[in-house]
J.: 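I'd like to ask you about the structure that follows.
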2 protein chains.
Amino acid sequence: MAKQAKFDRQAVINLATNLYWHKGFHATSMRNLQEEVDMRPGSIYAAFGSKEGLFKEALKNYTDMAKNQINQCKQMYNSPIEALSTFIKALVLDTRENAPNGMCMLAKTISELTPEHQELIDITKSHLNEIASEFVKLIQEAQNLGQISQDKSAEDLANYIQVQITGLRTFAKITNDKSKLETMIDDIFTHYPF
Amino acid sequence: MAKQAKFDRQAVINLATNLYWHKGFHATSMRNLQEEVDMRPGSIYAAFGSKEGLFKEALKNYTDMAKNQINQCKQMYNSPIEALSTFIKALVLDTRENAPNGMCMLAKTISELTPEHQELIDITKSHLNEIASEFVKLIQEAQNLGQISQDKSAEDLANYIQVQITGLRTFAKITNDKSKLETMIDDIFTHYPF
DNA sequence: ATAATATTTGAGCAATCGTTCAAAAGTAAA
DNA sequence: TTTACTTTTGAACGATTGCTCAAATATTAT
């Protein structure tokens, strides 16, 4: 009958992540969050310290989700390239409809924040690097399988992939042509450095 | 001695554009703007109606500046491709140090705003399309000069350019390696569809 | 000069911001 | 039960938000 003894921390972080992802750091008020996660201010502050503290948890949670998605794609396909392109298609085509926001939450945060919140920027950058590392691993596997030339730097290619994803997810917000987007994603792998 | 009879509208819009560009729509308060443009609230509201009204002027102003920059590059080079790559290098390499924000103000706005401000989103989208049109013109000129195959759709290539710019400007925020960035920009024109 | 018009001023409004903390409610140990 | 401890509650704080408007000040017309 009564409320739970202790709130489900992960469930709360999930809800907070989605709201922050949807509205961004500044446009999300603590009152918005209180309603979303159904907790009173005192409880939130006891658990997370501040608006920034909860945001940090959300950033970490978002990154974990992204890394899990990558590994899921890895397991679904033998070909690392196929895994990568499936992951990108999911991001660019599906995420913008089903997720809180079509943009990558990390890119959105980098874009939004000023040096006034340097710590949050640094955390966000390091999360982006974590994700890039996953791409590096995928690309190295593809190189070992002979799908990509060994001459290319796996790090450079990972950066290239990240640039494409960021650019395409922004472009996806101004276009409705899904098949055009799909073509552009396929082009990443048929044309350029691969 | 006393203040001017009437404020310099364009100068005020320029200052407001820079502040909005730097901090984004939500994080910029009317009091921030009042200090930046040195006007009292009543004057600002008499001239621009609202925070959104002034933001609209800033978006338009930013777009005009961008279009002027493109045309400047056009006049500096005979080769449209060279003009384009110079423009992109200026955006990605210089803007992030000298401008209020390394990001494109329009992309930043698209990334920040939710459907709660649909009108601002629509305006921003249409400005992005205006800029894309400038790219289309440049590419068509390059096609007429035989620098790019006529088979390719100029619109598709313009979209591709826009994706690269958005992706690279975001990537530029997480990297300090300018020469790497320059290489990536050159690669746009040496590799893919050109 | 005087009157009429245009423009700027800034105190102040209601609403919301992030945050605090004493009190209430719930749980666990004795 | 009673005691000790943990967790939740929500009213309330000072600061800040976007914005208004009567009063003050410039400018222009006569």
Side-chain angles (χ1 to χ4, degrees), chain A residues 1-17 19-59 109 112-121 123, chain B residues 1-17 19-59 109 112-121 123:
Chain A
M1 174 73 273
K3 299 209 61 171
Q4 277 192 338
K6 203 167 192 299
F7 68 93
D8 179 344
R9 188 176 172 94
Q10 186 57 51
V12 164
I13 292 175
N14 285 341
L15 289 168
T17 302
L19 190 61
Y20 272 130
W21 186 5
H22 178 62
K23 304 191 69 169
F25 179 74
H26 282 116
T28 304
S29 74
M30 287 306 291
R31 277 173 176 82
N32 294 152
L33 285 162
Q34 287 160 31
E35 291 171 20
E36 184 76 16
V37 307
D38 191 28
M39 285 173 72
R40 264 35 66 198
S43 300
I44 297 180
Y45 278 85
F48 302 103
S50 65
K51 186 185 177 183
E52 287 200 24
L54 181 49
F55 191 67
K56 286 178 200 170
E57 294 275 8
L59 288 174
T109 301
E112 175 183 11
L113 296 184
T114 61
E116 203 178 341
H117 295 89
Q118 190 60 50
E119 195 197 353
L120 292 179
I121 292 178
I123 290 172
Chain B
M1 174 71 274
K3 301 209 59 172
Q4 277 192 340
K6 203 166 191 302
F7 67 93
D8 179 342
R9 187 175 172 96
Q10 185 58 50
V12 165
I13 291 176
N14 286 341
L15 288 168
T17 301
L19 190 61
Y20 272 129
W21 185 5
H22 177 62
K23 306 191 68 170
F25 178 74
H26 282 116
T28 304
S29 73
M30 287 307 291
R31 277 173 174 82
N32 293 153
L33 286 162
Q34 288 160 32
E35 290 170 20
E36 184 76 16
V37 307
D38 191 27
M39 285 172 71
R40 265 33 68 195
S43 300
I44 297 180
Y45 278 86
F48 302 104
S50 67
K51 187 185 177 184
E52 287 201 25
L54 181 50
F55 191 68
K56 287 179 199 171
E57 294 274 8
L59 288 173
T109 300
E112 176 183 11
L113 298 184
T114 60
E116 202 178 344
H117 296 89
Q118 190 59 50
E119 194 197 352
L120 292 179
I121 293 178
I123 290 171

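Naming: A, B, ... by sequence-line order, numbering from 1 per chain.
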J.: If each of B:R31 and A:S43 is mapped to the nucleotide of DNA chain D with the nearest heavy atom, which maps nearer the 5' terminus, i.e. the 5' end?
T.: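 The answer here is A:S43.
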
J.: Round to the nearest Å and state the distance from B:R9 atom CZ to C:dA6 atom C1'.
T.: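 Value for this atom pair: 16 Å.
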
J.: Check the side chains of B:N14 and B:T17 for a donor-acceptor pair under 3.5 angstrom, ignoring hydrogens and angles.
T.: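 Looking only at side-chain atoms, B:N14 and B:T17 do not form any donor-acceptor pair under 3.5 Å.
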
J.: Do A:M39 and A:Y45 come within less than 4.5 Å of each other through their side chains, counting heavy atoms only?
T.: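 No - every pair of side-chain heavy atoms lies 4.5 Å or more apart.
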
J.: Between atom CZ in B:R40 and atom C1' in D:dA26, what is the gap in whole Å?
T.: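 Atom-to-atom, B:R40 to D:dA26, this comes out as 15 Å.
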
J.: From CG of A:D8 over to P of D:dT7, roughly how many Å is that when rounded to an integer?
T.: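 Those two atoms, CG and P, are 15 Å apart.
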
J.: Would you classify A:Q34 as touching base, sugar-phosphate or nothing, given that sugar-phosphate means primed atoms plus P, OP1 and OP2, and contacts are heavy atoms under 4.0 Å?
T.: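 Touches a base.
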
J.: When the distance from CZ of A:F48 to C1' of C:dT20 is rounded to whole Å, what number comes out?
T.: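 Going from A:F48 (CZ) to C:dT20 (C1'), I get 18 Å.
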
J.: Let me know the distance between CD of B:E116 and P of C:dT16, rounded to the nearest Å.
T.: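 Rounded to whole Å, this separation is 12 Å.
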
J.: Measure the distance from CD1 on B:I44 to P on C:dT9 and round it to the nearest whole Å.
T.: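 Whole-Å distance recorded here is 10 Å.
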
J.: Measure CE/A:M39 against P/C:dT19 and give the value in whole Å, please.
T.: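 Atom-to-atom, A:M39 to C:dT19, this comes out as 15 Å.
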
J.: Does A:K51 make a cation-pi contact with A:F25, if we ask for NZ or CZ under 6.0 Å from the ring centre and within 45° of the axis?
T.: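 Yes, A:K51 and A:F25 form such a contact.
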
J.: Of all heavy-atom pairs between B:A27 and B:N32, which one has the smallest distance, and what is that distance?
T.: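 Looking at all heavy atoms of both residues, the closest pair is O-OD1, 3.7 Å.
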
J.: Does B:G42 or A:S29 map to a spot on DNA chain C nearer the 5' end, using the closest nucleotide for each?
T.: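 Looking at DNA chain C, the more 5' nearest nucleotide goes with B:G42.
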
J.: NZ of A:K51 versus C1' of D:dA15: gap in Å, rounded?
T.: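 Atom-to-atom, A:K51 to D:dA15, this comes out as 14 Å.
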
J.: Any idea which of D:dT7, D:dC19, C:dT19 is nearest the A:M30 side chain?
T.: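 Among D:dT7, D:dC19, C:dT19, the one nearest the side chain of A:M30 is C:dT19.
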
J.: Side chain of B:Y45: nearest nucleotide among D:dG18, C:dT19, C:dA11?
T.: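 Selected nucleotide: D:dG18.
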
